[in-house]
Undergrad: 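Just dropping this structure here.
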Amino acid sequence: MTPEEVGRRVVALLAPVEATASVSGGQGYARATVDVPPASWADAVRAARDDAELGLDFLDWLSAVDELADGFDVVLHLWSVRHRHGLLLRTRVPRDTPVVASVVDQFPGAAWHERETHEMFGIDFAGHGELRPLLLPPEFEGHPLRKEFVLASRVAKPWPGAKEPGESEAGGGRRPVRPPGVPAPGEWGTTPTPAGAAGAGEGPRGGTPARPARERPARPAPGERPTRPVAGERPARSAAAPAAGEAGPLGRPLPGERPTGPPRQEPEPDAAGES
């Protein structure tokens, strides 16, 4: 069936209920769209599922759209696995009392979708029986997908983008638009700026400080005992070195020299001249 035929079939099944059929999208993405009153919501879903010509036996998704003062549009997409056609079913509930019948008894898979829609838009589904929090913590207040819900990032920082060209106070060209909460360059943290003589940024905010040069300790004079090095510094070597043939510090031989021992003592001859 074509989208137009699917829409006309649904309207005929719901008569005398005032239902309006149209087509959403185009070409291969065209879908029959039928708007029904809230009181006929569950009956429209049952008729689309049980009719042999429609055979819309697969629930694809269910959600809502915030239409501000006009209320909320509850949207349901059904698909026929056998006939390969779909239906977009819609109903509009008032903003002050957003209530519509649940379709869990017809499509058990709608339980998750109705819980999410209730949590994000505040729409009640009569007959669901278990509209507990799904994605948000129980202490969360408000409904994030309502258009009057204020985002925390916009409270902390105003929207940094400009208005669209042609709107009031739009100015000349359009400035680059950044996501909410993203600061402009130079607003957060240390920002590198032109360096001065010492390499530090100038201005009240400054920039990245220049790295101070390391100071090396002065070498001691020849024959002077070196001082104890400071933590993190390498001790300086003494300028005085032992002469060739002399032992190094603590009597140890210098690198590359053979160790020498005490001179060999020859035995003294006795009185008889024997050794």
Undergrad: Counting only heavy atoms not in E139 (residues, nucleotides, ligands), do more than 12 fall under 6.0 Å from its CD?
TA: yes

Undergrad: Out of curiosity, does Y29 fall in the hydrophobic cluster containing F58 (side-chain heavy atoms, cut-off under 4.5 Å, transitive links)?
TA: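 Per the 4.5 Å side-chain linkage, F58 and Y29 are not co-clustered.
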
Undergrad: To the nearest 0.5 Å, what is the distance between CZ (R31) and NE2 (H85)?
TA: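 The distance works out to 10.0 Å.
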
Undergrad: How far apart are the closest heavy atoms of R82 and A52, and which atoms are they?
TA: NH2-O, 3.4 Å

Undergrad: I need the E53 CD to M1 CE distance, nearest 0.5 Å.
TA: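 Separation between the atoms: 5.5 Å.
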
Undergrad: Please list all pairs passing the ring pair (Phe, Tyr, Trp, His ring centres under 6.0 Å) test where one or both residues lie in residues 88-130, with sequence neighbours left out.
TA: none

Undergrad: Do side-chain atoms of H77 reach the backbone of L62 as a donor and acceptor pair under 3.5 angstrom?
TA: no

Undergrad: Considering non-hydrogen atoms only, spot the tightest contact between E114 and V103 and give its length.
TA: OE2-N, 3.0 Å

Undergrad: Work out which heavy atom in A42 is nearest to a heavy atom in A101; give both atom names and the distance.
TA: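 Closest approach of A42 to A101, heavy atoms only: CB-CB, 4.2 Å.
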
Undergrad: Hey, can you pull the donor-acceptor pairs under 3.5 Å for the side chains in residues 9-23, sequence neighbours left out?
TA:
from : atom 1 : to  : atom 2 : distance (Å)
R9   : NE     : D51 : OD2    : 3.3
R9   : NH2    : D51 : OD1    : 2.8

Undergrad: Within the side chain of S40, is there an N or O that forms a donor-acceptor pair under 3.5 Å with the backbone of D43?
TA: no

Undergrad: What is the minimum heavy-atom distance between T117 and S63, and which atoms define it?
TA: OG1-CA, 3.6 Å

Undergrad: Between A126 and V99, which heavy-atom pair has the shortest distance, and what is it?
TA: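 So the two residues come closest at CB-CG1, 4.3 Å.
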
Undergrad: Distance from R90 atom CZ to W41 atom CH2, nearest 0.5 Å?
TA: 10.0 Å

Undergrad: Is L88 reachable from I123 through a run of I, L, V, M, F, W or Y residues, each pair having side-chain heavy atoms under 4.5 Å apart?
TA: no

Undergrad: Decide side chain to side chain contact (heavy atoms under 4.5 Å, CB included) for R49 and L78; before the verdict, give the C-alpha distance in whole Å, the side-chain angles of both, and the deciding distance to 0.1 Å.
TA: CA-CA 8 Å; R49 184 196 63 176; L78 300 176; 5.8 Å; no

Undergrad: Between L145 and L136, is there shared hydrophobic-cluster membership here, with clusters defined by ILVMFWY side-chain heavy atoms closer than 4.5 Å?
TA: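 Result: yes, single cluster for both.
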
Undergrad: Which pairs of donor and acceptor atoms, one on a side chain in residues 65-75, lie under 3.5 Å apart (sequence neighbours left out)?
TA:
from : atom 1 : to   : atom 2 : distance (Å)
D66  : OD1    : L68  : N      : 2.9
D66  : OD1    : R95  : NH1    : 2.6
D66  : OD1    : R95  : NH2    : 3.4
D66  : OD2    : R95  : NH2    : 3.1
D66  : OD2    : K147 : N      : 2.7
D73  : OD1    : R92  : NE     : 2.7
D73  : OD1    : R92  : NH2    : 3.4
D73  : OD2    : R92  : NH2    : 3.0

Undergrad: Which atoms form the tightest heavy-atom contact between S80 and D57, and what is the distance?
TA: CA-OD1, 3.8 Å

Undergrad: For the CG atom of L87 and the OG1 atom of T33, what is their distance to the nearest 0.5 Å?
TA: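 Interatomic distance, L87 CG to T33 OG1, rounded to 0.5 Å: 7.5 Å.
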
Undergrad: Under 4.5 Å between side-chain heavy atoms, hopping through other hydrophobics if needed: is there a path connecting L76 to V104?
TA: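 Hydrophobic grouping puts L76 apart from V104.
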
Undergrad: Out of the candidates L59, D60, L54, only one should pair with L56 under the side chain to side chain contact (heavy atoms under 4.5 Å, CB included) rule; please name it.
TA: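 The option that passes is L54.
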
